[in-house]
> 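Before anything else, here's the structure in question.
Numbering starts at 1 and runs along the sequence shown.
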Amino acid sequence: MVLATRRLDLVPLHPAHAEEMALVLADPGLHAFTGGAPPTSRALRARYERLAAGSPDPAVVWANWVLRLRGPGKLVGTVQATLAPALDRAELAWTVGTPWQGQGFAKEAARALADWLTQLPVGVLFAHVHPDHAASAAVAAACGLRPTAYRQDGEVRWESGGGAGSGHGHRPGHGHGHGIG
């Protein structure tokens with residue numbers, strides 16, 4: 001399903017997006033909070049093939065989109081959700097390439113994703129954000145999430161519903177609240 005915002009089309013991720021997305025993710029600085037290095041197009045294609053095939057866990061659904069900027073048609077980032085329908089929860093994640101940061105694209109795309117999930121309905125939305133990543137914290141807040149006391153791998157769990165934060169739920173292996181790491 002394609003989701004649309006004022007400036008972006010959120011297009012379902014496909015392995016064919018790997019070459020262009022490798023360019024979007026090429027800045028080593030983009031990986032400062034997630035660790036690692038920029039992926040090659042070959043590694044990204046293999047990853048996208050796994051993501052497109054779906055979660056091996058039947059209790060988990062992966063939903064991934066690339067962000068296509070209307071007009072120029074360039075890819076500028078990704079958004080993703082890992083849904084655990086039986087738990088009524090979904091984890092959000094987003095990434096916007098360095099040249100397109102600071103223009104509100106992450107907020108715009110993540111809010112569209114959060115709105116779509118809420119309409120499904122999904123009861124609890126959450127994301128994990130590095131405590132020093134102010135831009136991702138702003139995106140999480142724009143999605144109606146609030147920081148909790150729960151930490152995982154050094155990241156703060158942001159959650160909808162007042163932020164009590166039980167700390168339970170699925171932590172996906174395919175993304176973080178601040179990047180596609």
> Do Leu8 and Val76 come close enough that some side-chain heavy atom pair is under 4.5 Å?
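With C-beta onward as the side chain, the pair touches.
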> Any heavy-atom pair between the side chains of Pro56 and Trp62 that's under 4.5 Å?
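Yes; the side chains approach each other to less than 4.5 Å.
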> Quick one, Tyr150 and Val156 - any side-chain contact, counting heavy atoms below 4.5 Å?
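No, side chains not in contact.
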> Among Thr148, Leu125, Leu145, which one satisfies side chain to side chain contact (heavy atoms under 4.5 Å, CB included) with Trp158?
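The option that passes is Leu145.
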> Taking the side chain as every heavy atom from C-beta outward, state whether Val96 and Leu67 have any atom pair closer than 4.5 Å.
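The answer is yes; the side chains approach within 4.5 Å.
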> Which pairs pass side-chain hydrogen bond (donor to acceptor under 3.5 Å, both in side chains) with one or both residues in residues 5-15, sequence neighbours excluded?
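Qualifying pairs: Thr5-Glu108, Arg7-Glu108, Asp9-Arg70.
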> After noting the C-alpha distance and the side-chain angles of Arg68 and His17, does the key distance pass the side-chain contact (heavy atoms from CB on, under 4.5 Å) rule?
CA-CA 11 Å; Arg68 185 172 302 285; His17 294 125; 4.0 Å; yes
> Measure the spacing between CG of Leu113 and SG of Cys143 and express it to the nearest 0.5 Å.
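With rounding to 0.5 Å, CG (Leu113) is 7.5 Å from SG (Cys143).
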> Decide if the gap between the ring center of Phe126 and the ring center of His128 is smaller than 6.0 angstrom.
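They qualify: ring centres under 6.0 Å apart.
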> How many angstroms lie between OG1 in Thr82 and CD in Glu91, if you round to the nearest 0.5 Å?
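Rounded to the nearest 0.5 Å, the OG1-CD separation comes to 6.0 Å.
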> So if you build clusters from Ile, Leu, Val, Met, Phe, Trp, Tyr with side-chain heavy-atom gaps below 4.5 Å, do Leu30 and Val24 land together?
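Yes, same cluster.
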> Shortest non-hydrogen contact from Leu44 to Ala18?
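Where Leu44 meets Ala18 most closely, the heavy atoms are CD2-O, 3.6 Å.
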> Is the side chain of Asp27 donor-acceptor paired with the backbone N or O of Thr98 at a distance under 3.5 Å, no angle test?
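Checking the backbone N and O of Thr98 against the side chain of Asp27, no donor-acceptor pair under 3.5 Å is found.
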> With sequence neighbours excluded, tell me which residues meet side chain to side chain donor-acceptor pair (under 3.5 Å) with Arg42.
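Side chain to side chain donor-acceptor pair (under 3.5 Å) list for Arg42, sorted by chain: empty.
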> Return the minimal non-hydrogen interatomic distance between Asp88 and Gly123, and the atom names on each side.
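Scanning both residues, the minimum pair turns out to be OD1-N, 2.8 Å.
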> For Leu75, does its backbone N or O pair with a side-chain atom of Glu20 as donor and acceptor, under 3.5 Å?
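It does hold such a pair.
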> So, do His31 and Pro39 sit near enough that their side-chain heavy atoms are less than 4.5 Å apart?
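When only atoms from C-beta onward are counted, Pro39 and His31 do touch, with a gap below 4.5 Å.
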> Let me confirm one number: the OG-CD distance from Ser136 to Glu155, rounded to the nearest 0.5 Å.
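With rounding to 0.5 Å, OG (Ser136) is 9.0 Å from CD (Glu155).
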> Does the side chain of Trp65 come within less than 4.5 Å of Trp116's, by heavy atoms?
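Contact flag for Trp116/Trp65 side chains = yes.
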> Any chain of hydrophobic side-chain contacts (each under 4.5 Å) joining Val79 to Leu120?
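They do share one cluster, since a chain of ILVMFWY contacts under 4.5 Å joins Val79 to Leu120.
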> What's the shortest heavy-atom distance between Val129 and Ala137, and which atoms?
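It is CG1-N, 3.7 Å.
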> What distance separates Ser41 OG from Met21 CE, expressed to the nearest 0.5 Å?
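The OG atom of Ser41 sits 12.5 Å away from the CE atom of Met21.
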> Could you give the distance from OG1 (Thr40) to CZ (Arg45), rounded to the nearest 0.5 Å?
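The distance works out to 11.0 Å.
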> Let me confirm one number: the CG-CG distance from Leu92 to Leu117, rounded to the nearest 0.5 Å.
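Here the interatomic distance stands at 6.0 Å.
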> Quick one, Thr78 and Trp94 - any side-chain contact, counting heavy atoms below 4.5 Å?
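Side chain of Thr78 against side chain of Trp94, heavy atoms only: no contact under 4.5 Å found.
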> Are there more than 12 heavy atoms of other residues, nucleotides or ligands under 6.0 Å from atom CD of Glu49?
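Yes, enclosed.
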> Any side-chain heavy atom of Val60 within less than 4.5 Å of one from Leu83?
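No, side chains not in contact.
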> Using every non-hydrogen atom in the two residues, find where Pro12 and Val2 come nearest and quote the distance to one decimal.
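The answer is CD-CG2, 3.9 Å.
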> Answer yes or no: is there a donor N or O on one side and an acceptor on the other, between the side chain of Asp57 and the main chain of Ala59, under 3.5 Å?
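Indeed, once roles are kept as given, a pair shorter than 3.5 Å links the two residues.
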> With a 4.5 Å cut-off on side-chain heavy-atom distances among I, L, V, M, F, W and Y, is there a chain of contacts connecting Val61 to Leu51?
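In one cluster with Val61: Leu51, yes.
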